[in-house]
Amino acid sequence: MGEVIRVRTTKHTSIVNITPQVREVVRKSGVKEGVCVVYVPHTTACVFVNEGADPDVVRDIVYALEKLIPWEDPAYAHMEGNSAAHIRSAIIGNSRIIPIINGELALGTWESVFLADFDGPRERKVIVKIFKE
Ligand code: ZN
């Protein structure tokens, strides 16, 4: 069971809260107990779970990533010129596993699922798979 969610990002760096779309896939599956796998099949985008209540948290994550892994660096070798996007995505990771309990994603009160695009804007795919316990 599962679905592919398509997300059109709007900025060069876009962090998109995809929790409603992932919840909808879980709801449609009818699975009450199991796991939800969220996978992003892109090399310059990734997925993470973190605070969705205060948008400043996402802002600070973007700030810190840009500081740690700057867009420009004369030592980068990759010809395409988007090494920073590859590195940020590789570090964060392109999948997450979220338990399903009582038919709902078992996210914490303040948690949301985010698609991060570091080389947008583009259309990104998010593969959501549901496994029954
Ligand atoms: Zn590249």
Side-chain angles (χ1 to χ4, degrees):
M1 274 169 285
E3 223 170 276
V4 178
I5 298 167
R6 283 168 200 280
V7 180
R8 176 153 301 276
T9 61
T10 56
K11 290 179 288 180
H12 187 248
T13 296
S14 293
I15 314 291
V16 184
N17 188 333
I18 57 168
T19 314
Q21 294 98 309
V22 179
R23 280 195 207 280
E24 182 62 14
V25 177
V26 173
R27 194 193 59 76
K28 279 200 264 178
S29 77
V31 169
K32 299 298 174 203
E33 302 294 324
V35 292
C36 172
V37 175
V38 183
Y39 181 83
V40 175
H42 301 287
T43 59
T44 54
C46 60
V47 64
F48 65 88
V49 173
N50 213 283
E51 168 147 358
D54 178 3
D56 280 345
V57 173
V58 160
R59 186 209 151 277
D60 290 349
I61 290 171
V62 170
Y63 162 76
L65 283 169
E66 282 174 358
K67 202 163 115 177
L68 291 167
I69 308 148
W71 187 259
E72 301 284 348
D73 188 324
Y76 290 148
H78 178 46
M79 291 185 334
E80 213 184 4
N82 60 354
S83 288
H86 288 285
I87 297 163
R88 293 170 192 172
S89 296
I91 288 171
I92 294 170
N94 56 358
S95 68
R96 286 296 187 272
I97 298 170
I98 305 158
I100 299 167
I101 299 174
N102 289 327
E104 297 283 347
L105 290 175
L107 292 170
T109 309
W110 310 112
E111 286 184 322
S112 291
V113 185
F114 293 96
L115 165 72
D117 185 352
F118 296 116
D119 198 15
R122 347 177 159 204
E123 184 177 280
R124 298 298 198 170
K125 281 188 278 192
V126 181
I127 299 170
V128 181
K129 281 281 179 188
I130 309 292
F131 298 88
K132 198 177 167 189
E133 188 175 296

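No hydrogens, no waters, no symmetry mates; every other heavy atom, side chains included, goes into these values. Whatever order the structure lists them in is the order used to number ligands and atoms, beginning at 1.
- Donor-acceptor pairing under 3.5 Å is lacking for the side chains of Ser14 and Arg8.
- Each of Asp117, Asp119, Asn82 was scored for a side-chain hydrogen bond (donor to acceptor under 3.5 Å, both in side chains) with His12, with one residue passing: Asp119.
- Nearest heavy atoms, Ser112 versus Asn17: OG-ND2, 3.2 Å.
- Each of Lys129, Lys28, Lys125 was evaluated against Glu3; a single residue qualifies, Lys28, per the salt bridge (charged side-chain N to carboxylate O under 4.0 Å, His left out) test.
- The N, O or S atom of His86 with the smallest distance to the Zn ion (ligand 1) is NE2.
- The Zn ion (ligand 1) lies at 2.8 Å or more from every N, O or S atom belonging to Thr44.
- The Zn ion (ligand 1) lies at 2.8 Å or more from every N, O or S atom belonging to Asp119.
- The N, O or S atom of Glu80 with the smallest distance to the Zn ion (ligand 1) is OE1.
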